[in-house]
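Written below as structure tokens is the structure these notes are about.
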Amino acid sequence: MTTTSTETVPVQSTAQQTNHDTFQSALSHWANIRALLRDEMGETAYENWVRPLELIEIENPVAKLKAPTRFLRDWVLSRYANRLRELWTSQSNNQITDIEIHVPTTPTNENTPRTANEFAEILSDKSPNVVRQENFTLSAPLDPRFTFENFVVGSSNELAFAAARRVAEAETVAFNPLFLYGGVGLGKTHLMHAIAWHIKKNAPNRNVLYLSAEKFMYQFIRALRFKDTVSFKEQFRAVDVLMIDDFQFIANKESTQEEFFHTFNALVDHNRQVIISADKSPANLEGLEERLRSRLGWGLVADVHPTTYELRFGILQAKAEKMKIHIPQDVLEFLAEKISSNIRELEGALNRLVANMTLVGRPITLATAQDSLRDLLKANDRRLSIDDIQKKVADHYNVRVTDMHSSRRSRTIARPRQVAMYLVKHLTQHSLPEIGRNFGGRDHTTVMHAVKKVEELLKTDINLQEDVQLLQRSLQG
Ligand code: ADP
Ligand code: MG
């Protein structure tokens with residue numbers, strides 16, 4: 001017995017000593033990590049997200065940190081978890097390779113209101129008047145170019161445009177919410193700003209609040225941190241139109257979603273207009289809570305499709321006109337055909353040509369355009385590989401991808417193969433011999449023949465037209 005205890009005591013105390021040392025050195029790692037993060041993130045982000053974190057315990061290989069709120073924890077984990085792990089690993093010489101962030105079970109401050117039944121109270125004027133401590137600037141700046149006048153309408157965006165106009169012009173709530181969705185750079189933000197501008201101009205006493213979902217979350221967490229959620233929520237009291245851009249950001253962020261859900265319901269209950277944009281429809285957004293998903297679909301859901309050639313051409317014309325610069329027709333056609341991924345890139349290309357002309361005196365011709373946009377065009381092509389196209393086409397016609405390379409000539413296989421060659425020719429920069437090589441080592445004349453054949457058929461065959469359009473859209477979307 002005695003031997004055991006005399007033996008164990010020193011062991012324990014060494015262990016305690018070691019733990020103590022470990023924690024001491026972890027504290028100094030943590031100080032280093034924070035200093036590095038401060039440089040990387042900048043002062044504001046650092047103050048908001050890292051400063052409130054506290055190192056509480058080391059349990060090799062895990063560093064346990066404490067965050068004052070769930071919001072803060074979720075945010076840090078979603079954005080900085082990897083970086084934190086990396087830094088811990090390198091600072092501790094591989095002793096600590098993972099982190100956990102804990103949140104105290106009792107709120108750090110009981111005055112911090114958690115959700116938003118209380119928010120509804122604020123809207124309905126039941127809550128005591130709160131003196132605002134700090135003036136949050138909730139609304140994000142609006143781009144003066146993003147107006148309805150500057151928005152070119154085509155078949156791909158006409159529904160979204162009409163819905164946006166309707167909401168902007170309506171004096172009462174039109175549909176709640178208006179949910180706009182579609183791919184990157186297709187005009188969602190433009191339409192939201194246009195709504196805001198329109199209302200500001202024509203109904204200046206209506207209060208419009210526009211912000212990104214990210215900012216919504218950021219501001220809310222900030223309010224929690226400064227124990228000022230009441231005035232945060234109070235901001236919404238006077239809002240007639242709330243717009244949240246890039247809503248997908250909130251997917252998977254449970255607590256922010258919950259907060260938003262209450263905000264949203266309170267506004268809708270009080271007949272305020274809500275407008276939301278996202279990259280997917282409510283049904284397809286991942287990480288959305290079910291009740292929020294279904295609620296978001298109650299109003300009008302309008303999508304912006306990938307652009308058509310005509311729309312791209314129209315946008316280029318409108319921009320050139322606005323800049324009062326003459327751009328040769330063939331250059332506009334070239335751009336509209338080649339830069340199909342999104343409108344932001346299309347504008348970028350045009351701006352580059354104009355800059356080349358006004359700054360370096362390079363005239364805008366088809367040749368100079370091809371030359372100065374080479375890298376951009378390549379990037380546009382790179383997104384679509386021959387493989388992608390073959391796979392899509394094979395799927396569409398229900399044939400095997402290997403049939404694209406095979407020498408079988410039965411029509412059910414030869415036609416899809418020709419369509420695939422046609423699409424590769426039109427959607428990428430590959431040469432005919434290259435294309436031939438990728439279709440089972442065929443000769444370039446075979447490819448040329450296939451492309452011609454499809455072009456010929458497209459003039460009369462409506463089914464083929466539909467197939468090709470569909471394929472093209474889904475490949476470029
Ligand atoms: P999203 O929010 O869908 O990613 P944006 O609204 O930011 O896209 O649009 C990207 C760019 O393309 C902006 O400069 C915008 O003005 C322009 N743009 C988009 N659609 C149109 C359109 N139909 N007419 C004119 N410009 C457009
Ligand atoms: Mg946007």
Side-chain angles (χ1 to χ4, degrees), residues 139-168 177-198 208-218 242-251 274-282 284-285 300-325 327 332 335-336 338-355 373 376 379-380 383 473 476-477:
S139 199
L142 299 172
D143 191 317
R145 296 165 306 166
F146 291 3
T147 59
F148 284 130
E149 292 71 38
N150 288 341
F151 193 85
V152 182
V153 185
S155 56
S156 58
N157 58 23
E158 62 189 353
L159 175 63
F161 175 79
R165 270 217 90 99
R166 174 78 190 283
V167 165
L178 169 60
F179 194 103
L180 300 170
Y181 77 92
V184 174
L186 297 180
K188 300 180 299 294
T189 298
H190 188 135
L191 282 176
M192 290 183 120
H193 288 205
I195 295 171
W197 284 125
H198 186 96
V208 182
L209 180 56
Y210 165 88
L211 72 168
S212 65
E214 185 172 9
K215 188 155 188 200
F216 178 85
M217 172 157 165
Y218 170 85
L242 173 67
M243 301 196 219
I244 306 265
D245 205 352
D246 289 322
F247 194 74
Q248 68 275 5
F249 183 85
I250 282 183
V274 179
I275 303 164
I276 293 168
S277 89
D279 63 352
K280 301 205 181 69
S281 70
N284 291 324
L285 269 180
L300 179 70
V301 178
D303 58 341
V304 270
H305 297 286
T307 55
T308 59
Y309 172 83
E310 289 74 17
L311 179 65
R312 294 195 293 274
F313 191 83
I315 289 173
L316 288 169
Q317 263 184 330
K319 305 258 173 207
E321 218 166 274
K322 193 133 194 120
M323 293 191 277
K324 300 203 169 51
I325 284 176
I327 305 216
L332 294 181
L335 294 177
K338 291 293 180 182
I339 303 179
S340 53
S341 48
N342 77 54
I343 300 170
R344 196 170 294 129
E345 287 197 355
L346 194 64
E347 283 183 345
L350 185 64
N351 289 340
R352 177 141 25 132
L353 295 185
V354 171
L373 299 175
L376 208 128
N380 258 271
R383 282 187 210 120
R473 214 179 302 142
Q476 292 180 320

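For ligands, and for the atoms within them, numbers begin at 1 and follow the listed sequence.
- Looking only at side-chain heavy atoms (C-beta outward), Leu335 and Leu353 come within less than 4.5 Å of each other.
- The 4.0 Å heavy-atom shell around ligand 1 contains residues Phe146, Asn150, Phe151, Val152, Asn157, Gly183, Val184, Gly185, Leu186, Gly187, Lys188, Thr189, His190, Ile315, Lys319, Ile343, Arg344, Glu347, ordered by chain and number.
- Judged by distance alone, with hydrogens and angles left aside, the side-chain atoms of Arg312 form a donor-acceptor pair with the main-chain N or O of Thr307 at under 3.5 Å.
- Protein N/O/S atoms closer than 2.8 Å to the Mg ion (ligand 2), listed by chain and residue number, are Thr189 OG1.
- Remark: the Ser277 side chain and the Asp245 side chain contain an N/O donor-acceptor pair separated by less than 3.5 Å.
- Side-chain atoms of Asn150 come within 3.5 Å of backbone N or O of Arg145 as a donor-acceptor pair.
- Residue-environment remark: CZ (Arg352) exceeds the threshold of 12 foreign heavy atoms within 6.0 Å.
- A perpendicular orientation is assigned to the rings of Phe151 and His190, their planes being inclined by more than 60° (bins at 30° and 60°).
- The main-chain N or O of Ala160 is never found under 3.5 Å from a side-chain atom of Asn157 such that the two would form a donor-acceptor pair.
- The backbone N or O of Leu180 lies less than 3.5 Å from no partner atom in the side chain of Lys188, so there is not a single donor-acceptor pair.
- Using a 4.5 Å heavy-atom cutoff, the side chains of Ile327 and Leu350 are in contact.
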